[in-house]
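Here is how names work: the chains are called A, B, and so on, in the same order as the sequence lines, proteins then strands, and each is numbered from 1. Basis for what follows: all heavy atoms, side chains included, without hydrogens, waters or symmetry-related copies. Predicted, not measured: the structure shown is a model, and the values here were computed from it.
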Protein chains: 2
Amino acid sequence: MHATLRPGDPPLSRSVEDYLKAIYHLSSQGGFASTSDIAAMLEVAPPSVSGMVKRLSETGLIEHVPYRGVQLSPQGRRAALRMIRRHRILELYLTQQLDYDWDGVHAEAERLEHAVSDELIERMAGSLGQPRYDPHGDPIPTAAGEIEEADLVTIADAAVGAKLELRQVGTQDSARLRYFATQGLTPGVLLTVADRQPFNGPTTIALVPSGDRRVLGRELARLLLCSEVPVQEHGHADR
Amino acid sequence: MHATLRPGDPPLSRSVEDYLKAIYHLSSQGGFASTSDIAAMLEVAPPSVSGMVKRLSETGLIEHVPYRGVQLSPQGRRAALRMIRRHRILELYLTQQLDYDWDGVHAEAERLEHAVSDELIERMAGSLGQPRYDPHGDPIPTAAGEIEEADLVTIADAAVGAKLELRQVGTQDSARLRYFATQGLTPGVLLTVADRQPFNGPTTIALVPSGDRRVLGRELARLLLCSEVPVQEHGHADR
DNA sequence: TCTGCAGATTAGGCTAATCTAATCTGGACG
DNA sequence: CGTCCAGATTAGATTAGCCTAATCTGCAGA
Ligand SMILES: [Mn+2]
Ligand SMILES: [Mn+2]
Ligand SMILES: [Mn+2]
Ligand SMILES: [Mn+2]
């Protein structure tokens, strides 16, 4: 009964859908997404963004403050979350049911997300058991448009000595994803922060329970998003 | 090593892919596909077809004889068969793995066929066991671009007394497909032609082995494509 | 052979989405 | 307080696809 996208509305184009997703990602932390950031994310020229921004604000999907940036309207946010749900369910389906590696699914989902029906997405979600996270640990929005907001720390920021659970891998870059996989750094892994060198130096972590160590430069450490695990013997994590 | 589509070529647009498929289907029997038949099949206006025909013949995908029609070039035929392979594998995958009914898969495949990668299609084909027929009995072209050409008779044309195997259902119309399903008329079924009334009257068939009878008007009888089964006791059909 | 017309094409126009080149502007900084 | 410039926007062009209205043409029938 909530006022989602009316079925009568003309469907959004592939471009529009990708713009809305980009704006969602860029404005999820701070307030506004800038023209040049959108342009960089979508690999188009800045004037193309200005043109699209005009159309999107005319149709009420975004708010535009000239020379400052854009934000999603409630309607635009719903549309963006719908695309993100599709994208993440597709990624998970490809890895779980069709034996894709986690570094290959993004490109495929990027195209399919625009072509699948809601029906197909819900069937996939059903056959996956209504999953909550995609292969990279990103939360899957519900069909109703809710998304989990976890506050996570990167391994680059976590305190030395902290015990962490790796939750999300914040990149779609194939080479980096493959490297993380070889290092056993995938969502769900437990670890402790053993050391950090000064002046933006590398962080050393120890995997739990194996105790294996990994040394991560700042670039990679910033991509690994973790939740803190209370350090208590024989305790149960509450998730 | 066969001279298929070079990877360097710019990818074909969704429209172009649908035009090539339409031309393939329309010219598969006779020689030329007419402008108005293409327009009807794609639900566009005839001048839109004339415009596309010009572009397609400039890029060498079709041959155009003005005021007569178009035919696929070898390159266009390869592209069309590639799309048909995608379409039919998608249809089968949706029915087999995601519990779609055979009357719902066409619309979904019509969009997805343009968005999937070759990689994904081959993974689906692999998980289906390299299938040869789609849910409607239509042959699936090979990845190399070969397609089975069976010569089939419609139930409207078959001789009274003939023993037949139902092979293909020549429609994508949901209502008709659902009706056929309720009547047990799906590919693989054996039947004999029991009677045909004159003046384009209905054909009565008997299902084998149940003996159940069905009476089919000419419109529906023409949609059911069959191969003849040699009438011999205890014999094995050679397929 | 001539005529008419169904079907094909051309003419002209529109929208979405992109680009490059030119211009504008908000805010940082001297 | 004024300048400057990175970043944003406007101006103008292009391409693919689609449309309607006007025109053309092959061929069937008189
Ligand atoms: Mn996309
Ligand atoms: Mn992901
Ligand atoms: Mn299609
Ligand atoms: Mn089919």
Looking only at side-chain N and O atoms, does [X] come under 4.0 Å of OP1 or OP2 in [N]?
X	N	value
B:Ser36	C:dA6	no
B:Ser34	C:dG7	no
B:Ser15	D:dA16	no
A:His64	D:dA8	no
B:Arg55	D:dA16	no
A:Tyr19	C:dT18	yes
B:Arg68	C:dA8	no

Figure out the [atom1]/[atom2] separation between [X] and [N], and round it to whole Å.
X	N	atom1	atom2	answer
A:Leu56	C:dT18	CG	P	11 Å
B:Asp18	D:dC18	CG	P	9 Å
B:Arg14	C:dA16	CZ	P	18 Å
A:Lys54	D:dG12	NZ	P	13 Å
B:Glu17	D:dG17	CD	P	10 Å
A:Phe32	C:dG27	CZ	C1'	16 Å
B:Asp37	C:dA6	CG	C1'	13 Å
A:Leu26	D:dA8	CG	C1'	16 Å

Query raised in the report: Do B:Ile121 and B:Leu90 come within less than 4.5 Å of each other through their side chains, counting heavy atoms only?
Result: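 Sidechains of B:Leu90 and B:Ile121: in contact.
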Query raised in the report: Does a side-chain heavy-atom distance below 4.5 Å link A:Leu216 with A:Pro202?
Result: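 A side-chain contact is absent here, since even the closest heavy-atom pair is not under 4.5 Å.
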Query - Pair B:Arg123-A:Leu94, side chain to side chain contact (heavy atoms under 4.5 Å, CB included): steps then yes or no - result: CA-CA 10 Å; B:Arg123 279 183 194 259; A:Leu94 294 171; over 6 Å; no
Query raised in the report: So which one's nearest nucleotide on DNA chain C is more toward 5', A:Ser48 or B:Val65?
Result: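 In this pair, the answer is B:Val65.
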Query - Nearest-nucleotide 5' precedence on DNA chain C, A:Gly51 against B:Tyr67 - result: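 The residue closer to the strand's 5' end, by nearest nucleotide, is B:Tyr67.
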Query - Pairs involving residues 57-113 of chain B, ordered by first then second residue, that meet ring pair (Phe, Tyr, Trp, His ring centres under 6.0 Å) (sequence neighbours left out) - result: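 Those involving residues 57-113 of chain B are B:His87-B:His106, B:Trp102-B:His136.
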Report task. Evaluate the criterion side chain to side chain contact (heavy atoms under 4.5 Å, CB included) for residue pair B:Val65 and B:Val70; output intermediate values, then yes/no. Result -> CA-CA 6 Å; B:Val65 181; B:Val70 299; over 6 Å; no
Report task. Determine, stepwise, if the pair A:Arg86 / A:His114 fulfils side chain to side chain contact (heavy atoms under 4.5 Å, CB included). Result -> CA-CA 8 Å; A:Arg86 291 166 162 241; A:His114 310 287; over 6 Å; no
Query raised in the report: Listed in order of residue number, which residues of residues 38-47 of chain B have a non-hydrogen atom at under 4.0 Å from DNA chain D?
Result: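 Contacting residues: B:Val44, B:Ala45, B:Pro47.
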Report task. Pick base, sugar-phosphate or nothing for A:Ser50, based on heavy-atom distances below 4.0 Å to the nucleic acid. Result ->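 Base, at least one base atom sits under 4.0 Å.
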Query raised in the report: Is A:Arg111 salt-bridged to A:Glu108, going by a charged N under 4.0 Å from an acidic O?
Result: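 The answer is yes: the pair qualifies as a salt bridge.
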Query raised in the report: To the nearest 0.5 Å, what is the distance between CZ (B:Arg85) and CG (B:Asp118)?
Result: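 Spacing of CZ (B:Arg85) from CG (B:Asp118) equals 9.0 Å.
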Query raised in the report: Counting side-chain heavy atoms from C-beta on, which of D:dC27, D:dT9, C:dT9 comes nearest to A:Pro66?
Result: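 Per side-chain heavy atoms of A:Pro66, the pick is D:dT9.
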